[in-house]
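Lettering follows sequence order; numbering is per chain, from 1.
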2 protein chains.
Amino acid sequence: MKIDPSSKIDLSAQIAKAIRDGIIAGTLPVDERLPSEAELADQFAVSRPTVREALKRLAAQSLIRTQRGATGGAFVNRLRFEDAYGQHVTTSTLLLSMNSVSFETACEARFALERACAPLSAKRRTADHLATMRAETHRQAQPGLSDEAFCASDVAFHRALVDAAGNPVLSYQLAGAVEAMQPLMNMITFTARNRATIVEIHTEIANALDVHNACTTDALLCQLADYTESLGKRVFATHNAAKSDGSAEA
Amino acid sequence: MKIDPSSKIDLSAQIAKAIRDGIIAGTLPVDERLPSEAELADQFAVSRPTVREALKRLAAQSLIRTQRGATGGAFVNRLRFEDAYGQHVTTSTLLLSMNSVSFETACEARFALERACAPLSAKRRTADHLATMRAETHRQAQPGLSDEAFCASDVAFHRALVDAAGNPVLSYQLAGAVEAMQPLMNMITFTARNRATIVEIHTEIANALDVHNACTTDALLCQLADYTESLGKRVFATHNAAKSDGSAEA
DNA sequence: GACGTTTAATTGTCTGACAAATGAAAATTG
DNA sequence: CAATTTTCATTTGTCAGACAATTAAACGTC
């Protein structure tokens with residue numbers, strides 16, 4: 001791979017791209033050891049700090065791992081679903097907060113995706129998944145629970161629902177949509193009546209999954225989507241009204 | 001934010017995390033200028049190369065951008081959906097290839113997600129989306145098209161279908177599932193008869209969306225999912241049989 | 001053969017330096 | 001005075017060389 005020192009782009013970015021392309025193309029298989037930093041510096045005709053900056057870029061994407069010592073070095077990392085979750089959730093969260101995505105849009109996406117895996121979950125849910133969902137539902141019924149804890153439990157419930165589909169690709173893609181919404185959900189103060197309604201729907205969802213009833217599960221998710229959206233609409237309407245109260249913003 | 005020099009973790013990783021946390025928490029708003037590298041080095045009591053490695057990690061995640069010159073520096077980047085697409089697709093692709101996800105699993109996830117946005121697409125599709133889908137369908141009918149080009153056009157078609165839902169969150173989440181499957185699809189050699197079948201379904205999907213018929217669209221997507229999976233199953237069955245032919249692998 | 005010691009390789013970090021870019025201030029010119 | 005050019009300070013990009021920390025293998029000792 002060639003490096004162009006006269007390019008507008010950082011050398012470290014070019015080197016990172018060259019190595020990344022090798023990993024994607026399969027030229028550098030998993031667990032393959034990259035040349036040492038000194039050798040890379042020679043090959044690309046740059047200094048070691050520049051090579052290191054490139055390697056740090058790749059490490060930030062979990063594409064490589066490094067190890068010190070005699071047999072150490074940088075190794076192509078086997079990207080695991082668990083490792084990728086974190087990044088995916090972080091990115092999704094920032095996308096929502098930085099692009100002022102409406103609660104409605106986020107909500108719509110989230111439940112559309114969740115409904116997509118409901119039939120699979122109804123078919124494949126294990127006793128474990130059901131137990132998790134019921135435990136979280138039970139926690140959500142506790143009176144002393146803070147709104148944040150309630151939302152966290154809500155995420156755990158829906159995470160279990162998604163995982164029940166038994167498809168890691170689905171779980172990964174949905175993790176972003178479901179977990180990234182938590183900050184938005186946290187802004188909603190749930191009254192006792194709100195919580196009771198949600199807990200009831202959660203209970204029914206668990207029951208529907210128990211008997212492998214995909215249709216009812218889907219209907220309940222629709223119900224939950226509508227209810228969540230109506231709650232959010234009310235909260236954010238007053239929120240925005242209060243915010244634009246003192247400003248000249250149209 | 002505190003840095004622990006005695007930790008097992010790289011200083012640059014700790015510093016990157018500290019800054020990243022600030023961005024996520026909103027302490028560092030979009031377009032905010034970070035202190036210069038020299039100032040950061042002072043604040044964290046490390047050297048400039050260490051600070052730079054931390055900044056490169058953040059740059060790799062598109063969390064900051066840097067600019068040279070008198071008024072330059074590192075700025076908190078507004079993460080855009082378009083910027084995040086690339087990373088998401090790359091990560092998804094690597095997840096599939098490195099974890100030997102079966103064609104069946106990937107296919108199931110992809111069509112489950114795509115069906116999720118079909119009702120929204122049927123409701124909101126614009127003339128533009130329809131035109132793109134029909135143009136790609138037309139391209140797919142060209143006899144001289146390579147398998148790679150056929151698959152690329154297929155991705156473009158489905159991308160338009162997803163975008164038609166008018167929900168950027170949905171589009172983002174699905175981009176990973178749809179585009180990451182392209183390398184797997186490329187491994188399938190499409191006969192003329194295969195292509196004719198797919199083109200026909202694509203044509204019908206466009207027609208169904210034209211008249212805002214969500215039900216038919218969903219049915220057609222199911223049909224396409226079944227057909228794709230059956231094609232893949234046949235190809236990868238012979239593929240695996242050939243591969244385990246000469247090895248002792250059980 | 002088992003067990004400590006040395007050694008070589010490699011990453012992590014620091015220091016100091018210079019080049020390149022870039023906008024702002026100062027100087028020059030009409 | 002206004003417009004233009006020049007100078008300059010600031011900041012990132014890159015380099016060179018050095019030392020510390022870590023680690024496994026090679027070596028030596030008992």
Would you call [X]-[Y] a salt bridge at under 4.0 Å N-O?
X: A:Arg125; Y: A:Asp163; answer: no
X: A:Glu53; Y: A:Lys56; answer: no
X: B:Arg110; Y: B:Glu114; answer: yes
X: B:Arg124; Y: A:Glu108; answer: yes

Tell me whether the NZ or CZ atom of B:Arg80 lies within the 45° cone about the ring axis of B:Tyr172 and under 6.0 Å from its centre.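 Verdict for B:Tyr172: no cation-pi partner in B:Arg80.
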Rounded to the nearest angstrom, tell me the gap between atom [atom1] in [X] and atom [atom2] in [N].
X: B:Ile9; N: D:dT22; atom1: CD1; atom2: P; result: 14 Å
X: B:Glu39; N: D:dT12; atom1: CD; atom2: C1'; result: 13 Å
X: A:Lys8; N: D:dT12; atom1: NZ; atom2: C1'; result: 15 Å
X: B:Arg48; N: D:dT11; atom1: CZ; atom2: C1'; result: 8 Å
X: A:Glu53; N: D:dC15; atom1: CD; atom2: C1'; result: 11 Å
X: B:Asp10; N: D:dT22; atom1: CG; atom2: P; result: 12 Å
X: B:Phe44; N: C:dT13; atom1: CZ; atom2: C1'; result: 16 Å
X: B:Asp42; N: C:dC14; atom1: CG; atom2: C1'; result: 14 Å

Heavy atoms only, 4.0 Å cut-off, all strands: where does B:Lys56 land among base, sugar-phosphate and nothing?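 Touches sugar-phosphate only.
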Looking across every strand, which nucleic acid part, if any, lies under 4.0 Å from B:Arg33 by heavy atom: base, sugar-phosphate, or nothing?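 If one applies the 4.0 Å heavy-atom cut-off, B:Arg33 turns out to touch the sugar-phosphate alone, with no base involved.
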May I ask you to list the residues of residues 66-76 of chain A, by number, that have any heavy atom positioned under 4.0 Å from an atom of DNA chain D?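 A:Arg68, A:Gly69, A:Ala70, A:Thr71 - these, ordered by number, are the residues of the stretch whose heavy atoms sit under 4.0 Å from the strand.
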Return no unless some side-chain N or O of A:Arg52 is found under 4.0 Å from OP1 or OP2 of C:dG12.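 The answer is yes; a side-chain N or O of A:Arg52 sits under 4.0 Å from OP1 or OP2.
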When you measure from the side-chain N and O atoms of A:Thr50 to the phosphate of D:dG13, is any distance below 4.0 Å, counting only OP1 and OP2?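 For A:Thr50, the contact criterion (side-chain N or O under 4.0 Å from OP1 or OP2 of D:dG13) is not met.
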Under the criterion side-chain hydrogen bond (donor to acceptor under 3.5 Å, both in side chains), which of A:His158, A:Gln142, A:Glu136, A:Glu148 is the partner of A:Ser153?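 Result for side-chain hydrogen bond (donor to acceptor under 3.5 Å, both in side chains) with A:Ser153: A:Glu136.
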Kindly point out which of D:dT12, C:dT15, D:dA16 is positioned nearest to the side chain of A:Ser47?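 Per side-chain heavy atoms of A:Ser47, the pick is D:dA16.
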Least distance between heavy atoms, B:Val162 atom then B:Leu170 atom: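 Residues B:Val162 and B:Leu170, closest heavy atoms: CG1-O, 4.3 Å.
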